[in-house]
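The chain is numbered in sequence order, starting from 1.
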Amino acid sequence: MSDWRATARVRVPAERVLVGEGVCEPPVEYCGYPLSIFFIVNNEFCERFSYYGMRAVLVLYFRYFLQWDDDTATSIYHTFVALCYLTPILGAIVADSWLGKFKTIIYLSIVYTVGQVTMAISTIHDLTDTDRDGTPNNLTLHIALSMLGLILIALGTGGIKHCVAAFGGEQFEDHQEKQRSTFFSIFYLSVNAGGLLSTVITPILRGQECGIHTQQKCYPLAFGVPAALMVVALIVFIAGSSMYKKVSPQGNIMLQVCKCIGFALNNRFKHRSDQYPKRQHWMDWASDKYDKRLVAQIKMILRVLFLYLPLPMFWTLFDQQGSRWTFQATTMDGNFVSCFSSQTANPILIIILVPIVNGVVYPLIEKCKLNFTPLRKMTVGMLLAALAFLVAALVQIKIDGTLPKFPSAGACQMKVLNLGDATVHVNISGVHFSADSFKATTYKDFSSEGAGNFIVSYGNNNTNSVAVFNSATRHTLLVKNVPSIQSLLLNDTKQKPEGNNAIRFVNALKNITLLIKAGSKELGHVLPFTGSGYALLPEGESEFVFSYNDILERTCKVSKSFGFGSYYTVVIQNLNCERQQVATLTYIEDIQPNTIHMAWQILQYFLMTVGEVVFSVTGLEFSYSQAPSNMKSVLQAGWLLTVAVGNIIVLIMAGVAQLPDQWAEYVLFSALLVAVSIVFSIMAYFYTYVDPAEIEAQFDEEDKKKDDHEMSTIPVYDNETHFPEQSKM
């Protein structure tokens with residue numbers, strides 16, 4: 001393959017480029033484009049891969065590594081997303097008023113990179129796994145590191161969000177309008193490409209197993225690769241430093257707008273008495289100090305910002321794709337490593353649906369003579385998002401019918417596993433259990449907190465025993481009658497494994513201690529009439545290895561195929577490892593595998609993505625069409641603020657709306673968005689579309705007339721009369 005650098009046609013314009021107060025060398029171009037933009041596009045691809053890759057597995061890290069419950073994980077996740085959409089305002093102010101875009105990108109990218117590396121370090125379970133059991137012994141350290149990392153990431157990714165695209169646009173000359181437009185298309189393609197690839201790759205990386213002492217889900221790899229990509233992004237951006245056009249800070253329009261609004265409010269408050277004449281609009285009170293054109297422009301953007309007030313509710317639902325809907329996927333049947341096709345589905349559907357909606361759906365609506373205005377499109381988008389949550393609620397109801405019923409507070413659950421050679425009867429707190437030989441009962445609830453007495457009976461032989469039961473716990477009671485009646489209470493988990501299968505073993509052999517390995521998990525030695533810990537095994541076929549030493553060292557190997565999300569207790573009844581490699585095993589299903597397939601989520605993701613296309617794309621286009629040319633960044637900040645507020649609403653609802661069922665929460669969010677959509681449609685009905693260019697043209701005409709008038713009033717002097725010839729020296 002030939003090196004492109006050997007055949008590149010590089011053109012260097014003859015003119016020099018003025019930047020700020022200084023002069024820089026003319027930009028190097030390749031195929032008509034500034035060579036610097038290739039560094040910027042590659043930087044954006046790596047940065048978006050880093051951000052979306054980390055975010056794709058973030059909520060699972062909270063749930064399964066840090067062991068937070070669903071509500072806590074959801075709240076922290078949406079707090080992080082909200083910060084990511086609040087900090088762009090800060091980044092824009094710093095870049096436009098102080099450091100400039102180039103330095104802002106460099107400095108905040110360093111902060112961003114440190115955050116990603118810190119986050120990756122926090123996921124290393126061996127960091128505090130002192131007893132080498134695969135579980136961190138100091139979760140506080142991991143939580144502190146992860147929170148520090150997320151704060152730095154939010155500052156970095158949000159701070160540079162406003163700067164990178166604008167910095168790329170500044171690399172072009174005025175005569176390169178076509179190339180600049182193409183650049184923005186390629187730029188946003190790199191955004192989607194980075195996001196799409198990362199949401200596919202990082203869940204696969206997380207699904208691998210890694211570790212120094214014990215093999216666990218490989219969160220260090222899933223977070224480490226995005227961190228490495230952020231390092232690459234920073235290096236790539238710095239590598240193009242000598243080629244960039246670096247415009248000096250010109251001041252931030254948002255600060256000017258805020259000062260003008262603040263002056264208007266203050267001036268109106270000072271002149272609130274009836275002795276002062278009222279003005280047509282409260283912003284007119286700013287005309288005492290500020291230019292009337294600026295006041296008129298602010299009036300235009302305030303009309304749009306007023307329409308933004310109901311919009312956060314859309315993002316409240318939309319961004320739960322990365323939290324609640326992800327948790328929903330973990331309880332479904334499918335390839336869990338790729339279950340983030342749920343998150344991958346969004347960028348894929350965006351790429352497919354945008355041209356279809358713009359090129360087919362909208363033209364068909366126009367042919368039907370329907371006045372489908374931008375605000376009506378946005379209303380439809382909100383209703384589609386609400387419908388998506390109704391579909392999610394129906395899917396959740398279907399899932400709930402297959403999930404185990406865990407004990408409530410003040411109650412316990414227990415089942416009996418009979419390892420004896422006769423039928424057993426067990427009574428505890430008035431609840432009766434009966435199981436045949438090497439069979440298990442179903443779980444039964446009973447109210448018994450603290451020490452509980454139970455009676456185990458085999459025929460006419462019975463014994464009284466005592467066990468300690470804690471509130472809202474599950475147990476399996478092992479019983480046998482040979483050589484005498486014995487019982488052993490095992491603690492069962494209440495959590496569904498994260499898409500894997502949790503398998504434990506009970507040794508029912510007489511006088512033989514087993515060394516058990518399940519998949520790659522070493523479960524250690526299991527004594528007779530005891531149980532092992534749980535081993536998490538992936539979907540598909542897994543191999544069990546049983547080793548023991550009676551006279552000679554013997555080993556049996558058995559394979560078994562599992563689905564998704566199941567819990568099994570495997571009873572080892574007999575082993576014949578000498579020649580036939582025969583093992584008699586009884587599989588007791590503690591929690592059934594997930595049975596509702598992930599394909600059921602496709603409809604809700606489709607509806608949500610169509611809603612995004614109709615709502616978000618249209619909303620940005622509408623906002624820009626209604627804003628003066630120099631105020632578009634203000635509306636961009638306002639739009640990002642609606643996303644942040646939407647995520648804040650999620651974390652508030654997670655703490656306040658303590659609904660017993662997840663489907664009920666989905667219905668609540670859907671109902672709220674429908675109500676907000678109605679309010680928005682009423683606001684849209686009374687909105688009058690304007691043409692900012694026409695209004696600004698009127699001001700230009702007035703300014704021109706004013707200038708002409710001033711020129712006409714300047715007196716014309718006779719040089720000879722009023723300016724006598726100066727004396728010669």
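Geometric assessment of K377 against the ring of Y362 yields a positive cation-pi assignment under the 6.0 Å and 45° thresholds. Cation-pi check for K161 over Y85 is met; the charged atom lies under 6.0 angstrom from the ring centroid and within 45 degrees of its normal.
A donor and an acceptor atom, one from each side chain of R48 and T157, are located under 3.5 Å apart. Between the side chains of Y308 and S623, a donor-acceptor pair is found at a separation under 3.5 Å. No side-chain donor-acceptor contact under 3.5 Å links S190 and E44. Remark: the S241 side chain and the K246 side chain contain an N/O donor-acceptor pair separated by less than 3.5 Å.
Every side chain to side chain donor-acceptor pair (under 3.5 Å) that E209 has, sequence neighbours left out, goes to S520, K521.
R206 CZ to T123 OG1: the interatomic distance, rounded to the nearest 0.5 Å, is 12.0 Å. Expressed to the nearest 0.5 Å, how far CE of M378 lies from CD of E621 amounts to 11.0 Å. The distance from atom CD of Q116 to atom CG of L150, rounded to the nearest 0.5 Å, is 9.0 Å. Taken from CG in L99 to SG in C163, the straight-line distance is 9.5 Å, to the nearest 0.5 Å.
The environment of F606 atom CZ is sparse: at most 12 non-hydrogen atoms of other residues, nucleotides or ligands sit within 6.0 angstrom.
Of all heavy-atom pairs spanning L58 and F223, the tightest one is CA-CZ, 4.1 Å. The shortest non-hydrogen separation linking A222 to V57 is CB-CG2, 4.2 Å. Across T104 and I160, no two heavy atoms sit closer than the pair O-CG2, 4.3 Å. Pairing each heavy atom of S97 with each of P249, the nearest pair is C-CB, 4.1 Å.
The aromatic ring centres of Y64 and Y219 sit 6.0 Å or more apart. Ring centers of F237 and F102: under 6.0 Å apart, within the cut-off. Note: F183 and F172 meet the aromatic proximity criterion, with ring centroids under 6.0 Å apart.
Sorted pairs that involve residues 302-317 and meet salt bridge (charged side-chain N to carboxylate O under 4.0 Å, His left out), not counting sequence neighbours, are lacking altogether.
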